[in-house]
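Order of appearance sets the numbers: ligands from 1, and atoms from 1 within every ligand.
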Amino acid sequence: MSHQVTNLPADLLEGFAIEVFDRCGLPREHAEAVGKSLVLANLRGVDTHGVARIPGYVGRFGPELVNPRPRFEETSRFPWAVAIDADNAMGPVVAEHAMKGALARAASFGIGGATVRRSNHFGAASLFALQAPPEGCIGIVMSPASKSLAPYGSREPLFGTNPFAVAVPAGRHAPWVLDMATSVAARGHIRLAARRNEPIPEGWALDAEGRPTTNAQDALGGVMLPFAGPKGSALAMMVDIMGGVLAGSAFAGAIRDMNTDFEAPQDVGHFFLAINLAAFMEPHEFAGRMEEAIARLKSLEPAAGFDEVLYPGELEARRTQTRLKEGIPLTPEVVKALVGVGEELGVPFPYIEAAAQHEPAARE
Ligand SMILES: NC(=O)c1ccc[n+]([C@@H]2O[C@H](COP(=O)([O-])OP(=O)(O)OC[C@H]3O[C@@H](n4cnc5c(N)ncnc54)[C@H](O)[C@@H]3O)[C@@H](O)[C@H]2O)c1
């Protein structure tokens with residue numbers, strides 16, 4: 001199979017994604033929230049959680065497993081916190097709303113928190129944590145996923161790849177952003193290796209018999225492993241507690257798989273925390289200290305095989321600049337899937353339009 005990629009301008013791709021979700025029946029501003037979040041993931045280089053997710057997301061509207069026009073119900077037991085029932089909304093829609101609510105509370109009280117229950121897969125956790133730095137806040141986001149990961153010591157799955165993200169204002173630098181799955185690798189990488197008949201590195205997964213495997217197909221039939229053994233396993237459970245147990249949503253293996261389970265809604269939960277820097281020190285003083293911390297990190301001598309030392313989020317910020325200029329690379333598999341979804345919903349995929357526009361010029 002060809003691995004050749006097609007580069008598409010971010011704005012064309014975003015327009016396509018927004019139209020697709022508009023046709024799925026979402027109010028325009030919700031369609032925009034989803035479309036923008038997916039393309040932002042691609043811009044940051046998180047292609048496993050970008051527009052490649054559109055077919056999976058759209059596939060849940062047919063059987064009415066996602067509510068295109070949700071009404072959020074909010075309960076505030078303390079002025080700084082809110083618990084949101086998402087009414088089975090698309091994940092990115094309620095996640096953006098919940099973080100906004102946490103940030104508004106952090107502006108008044110120095111700290112703001114939100115939990116969300118009855119939601120769906122929200123994509124890359126950093127997208128919502130990144131709402132915080134422009135508001136002078138640190139953002140923390142967690143969300144459990146459907147089960148695929150065996151806790152340390154077990155061969156049976158219980159947790160998902162449960163991601164968490166922390167975004168911190170970094171003065172004149174792009175925000176410091178930790179955004180990570182608690183598995184060794186995202187499951188999307190194993191799916192890709194299986195499709196390409198390529199092996200996966202040792203330590204990523206166990207097969208169905210509980211044996212370590214480098215065969216991607218066997219890994220898909222088995223379980224993912226947490227990173228760093230018991231520590232990653234504990235962090236996966238922490239995400240499950242905050243975004244599942246505390247949020248009042250499904251936990252400990254009860255979230256339904258978005259791609260394979262069409263019996264009922266996913267019941268994903270999320271957790272959001274916004275910490276106002278001004279609660280502890282003047283934001284400009286914090287900015288100076290972050291710049292100093294990053295300068296000290298970046299002045300270190302690179303190890304063998306490295307050109308420079310990067311801080312978390314730096315690579316993604318650079319990729320965003322490059323991709324804004326050069327477009328977002330899409331594999332033939334993703335292009336084919338998006339063209340298919342576009343045909344089903346009557347939204348022409350812009351690559352085809354762009355190619356058609358170029359045709360007459362090419363013949364001249
Ligand atoms: N919604 C869900 O259910 C779900 C589940 C799993 C993963 N995800 C998302 O998948 C994405 C991928 O997760 P991942 O664990 O594969 O991330 P990753 O391994 O690509 O990156 C993890 C962290 O390491 C940092 N990093 C990477 N390379 C670096 C370098 N050379 N120097 C310094 N720092 C570096 C990154 O900035 C990031 O903060 C995340 O956005 C995550 O939120 C979502």
Practice task
Scan the protein's non-hydrogen atoms and note whether one is under 4.0 Å from atom 19 (O) of ligand 1.
Solution key: no

Exercise for the section: Apply ring-ring contact (aromatic ring centres under 6.0 Å, His included) to Phe271 and list each qualifying residue two or more places apart in sequence or on a separate chain. Expected result: none

Problem - Under 4.0 Å to a heavy atom of Val177 - the qualifying atoms of ligand 1, by number - result: 37 (O), 39 (O)

Practice task
Taking the side chain as every heavy atom from C-beta outward, state whether Glu314 and Lys298 have any atom pair closer than 4.5 Å.
Solution key: yes

Practice task
Work out whether the distance between some heavy atom of Ser143 and some atom of ligand 1 is less than 4.0 Å.
Solution key: no

Practice task
Return yes when Ala165 approaches ligand 1 closer than 4.0 angstrom through a heavy atom, no otherwise.
Solution key: no

Practice task
Could you list which atoms of ligand 1 come closer than 4.0 Å to a heavy atom of Ala125?
Solution key: 43 (O)

Problem - Per-atom contacts, ligand 1 versus His121 - under 4.0 Å to a heavy atom - result: 1 (N), 2 (C), 3 (O)

Practice task
Check each of Val46, Asp179, Leu149, Val141 against atom 22 (C) of ligand 1 and report the one with the nearest heavy atom.
Solution key: Asp179

Exercise for the section: Please state which part of Arg187 comes within less than 4.0 Å of ligand 1, counting heavy atoms only: side chain, backbone, both or neither. Expected result: neither

Handout entry: Distance flag for atom 4 (C) of ligand 1, protein heavy atom under 4.0 Å
Key = yes

Exercise for the section: Find all atoms of ligand 1 within a distance of less than 4.0 Å from any non-hydrogen atom belonging to Gly313, and give their numbers and elements. Expected result: 37 (O)

Practice task
Could you work out the complete set of other residues in the hydrophobic cluster of Leu130, with links drawn between I, L, V, M, F, W and Y side chains under 4.5 Å apart?
Solution key: Val177

Completion exercise
For Phe128 and Met99 the tightest heavy-atom approach is O-CG, 3.2 Å

Handout entry: Side chains of Leu26 and Val34 in contact at under 4.5 Å (non-hydrogen atoms)
Key = yes

Exercise for the section: Would you verify that at least one protein heavy atom lies under 4.0 Å from atom 15 (O) of ligand 1, or report that none does? Expected result: yes

Practice task
Output yes when a side-chain donor or acceptor of Ser37 lies under 3.5 Å from a complementary backbone atom of Pro92, and no otherwise.
Solution key: no

Practice task
Verify the ring-centre separation between His30 and Phe21: is it less than 6.0 angstrom?
Solution key: no

Exercise for the section: Specify whether the nearest protein heavy atom to atom 35 (C) of ligand 1 is under 4.0 angstrom away. Expected result: no

Exercise for the section: Check ligand 1 against Ala145 and write out every atom of the ligand that is under 4.0 Å from a heavy-atom position of the residue. Expected result: 3 (O)

